[in-house]
Amino acid sequence: MPIRAILTDIEGTTSSISFVKDVLFPYARRALPGFVATRGREPGVRKWLDTVALENGGACQDSVIVEVLQGWIDEDRKHTALKALQGMIWADGYKSADFTSHMYPDAAPALRQWKDQGLRLYVYSSGSVPAQRLLFGHSDAGDLTELFSGWFDTEVGGKREAASYARIVELIGLPAEEIVFLSDVVEELDAAREAGLETVLLDRIEDYPKPREGAATHDHPRATSFDQIEV
């Protein structure tokens, strides 16, 4: 069946891993103490701080919560509370023009072309939906948010779980075989394929200097840039 929708990962797929690792994560780590001190009483912030506190024995001082969150950043832990708080901090950074988000040169033209061809575009990333919107809204290639029909994060489930992709298929409302998932992580592609989606492995030399070929691809079609993807 023809492909009618594209579901794309971000880190290592549309954008470099180094941008998230070397720019976004350190920025959030540095800003956390001040952010919690000035905005910690806001209901939308307190909700997530209390979530972290409950996971660490209940009543915790905010300074302890900050240390826990900074540790999670160092571990690259995929925790919903951390992602939500990071998204708020990054929003401040984007608004202050402290940085713009990296976008591979081939990504934005391909996304625009696919949109013009009538394909529906979606994002599925471990980063929160607000963080996703910020990244695509303040990219090196300009504001790309209007290209997308929907956004998904780990609230639908983990990215290495087939059930997450089955849920996304339901929400998109198309047969699974009419959706292709783009990612740099083989295990995510395995889960998407198990749910019936088509898949493409992004193997960008900037992020993966050692090519993943043969058995390392798990039989997923491989591309080193969006230019090589045919839908």
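Nothing fancy with the numbering, it's 1 onward along the sequence.
- Under the 4.5 Å side-chain contact rule for hydrophobic residues, I229 and L144 share a cluster.
- The closest side-chain donor-acceptor pair between D140 and T100 falls under 3.5 angstrom.
- If you take OG1 on T8 and CG on D184, they are separated by 9.5 Å, rounding to the nearest 0.5 Å.
- For the pair L85/V45, a side-chain contact is recorded, criterion being any heavy-atom separation below 4.5 Å from C-beta on.
- Using bins of under 30°, 30° to 60° and over 60° for the plane-to-plane angle, the ring pair F181/Y124 lands in the tilted bin.
- Side-chain N or O atoms of S96 include none that pairs as donor or acceptor with a backbone N or O of D98 at under 3.5 Å.
- The aromatic rings of H220 and H218 sit parallel to each other, their planes meeting at less than 30°, with 60° as the upper class boundary.
- Put simply, the side chain of Q132 gets close to the backbone of G127: a donor and an acceptor are under 3.5 Å apart.
- Between the side chain of R120 and the backbone N or O of I172, at least one donor-acceptor pair lies under 3.5 Å.
- Rounding to the nearest 0.5 angstrom, the gap separating the OG1 atom in T51 from the CG atom in L49 is 8.5 Å.
- Judged by distance alone, with hydrogens and angles left aside, the side-chain atoms of S139 form a donor-acceptor pair with the main-chain N or O of G142 at under 3.5 Å.
- Looking at K95 and D92, no side-chain N of the basic residue comes within less than 4.0 Å of a carboxylate O on the acidic one, giving no salt bridge.
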Problem set entry | Worked verdict on S183 versus E188 for side-chain contact (heavy atoms from CB on, under 4.5 Å) | CA-CA 7 Å; S183 177; E188 294 177 1; 2.7 Å; yes
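- Using a distance-only test at 3.5 Å, with no hydrogens or angles considered, a donor-acceptor pair links the side chain of D106 to the main chain of F226.
- Contact detail for G12 and R204: the closest heavy-atom pair is O-CD, 4.0 Å.
- Judged purely by atom type and a 3.5 angstrom limit, R29 has no side-chain atom pairing as donor or acceptor with the backbone of L69.
- Note: Y94 and H138 have parallel aromatic rings, judged against thresholds of 30 and 60 degrees for the angle between ring planes.
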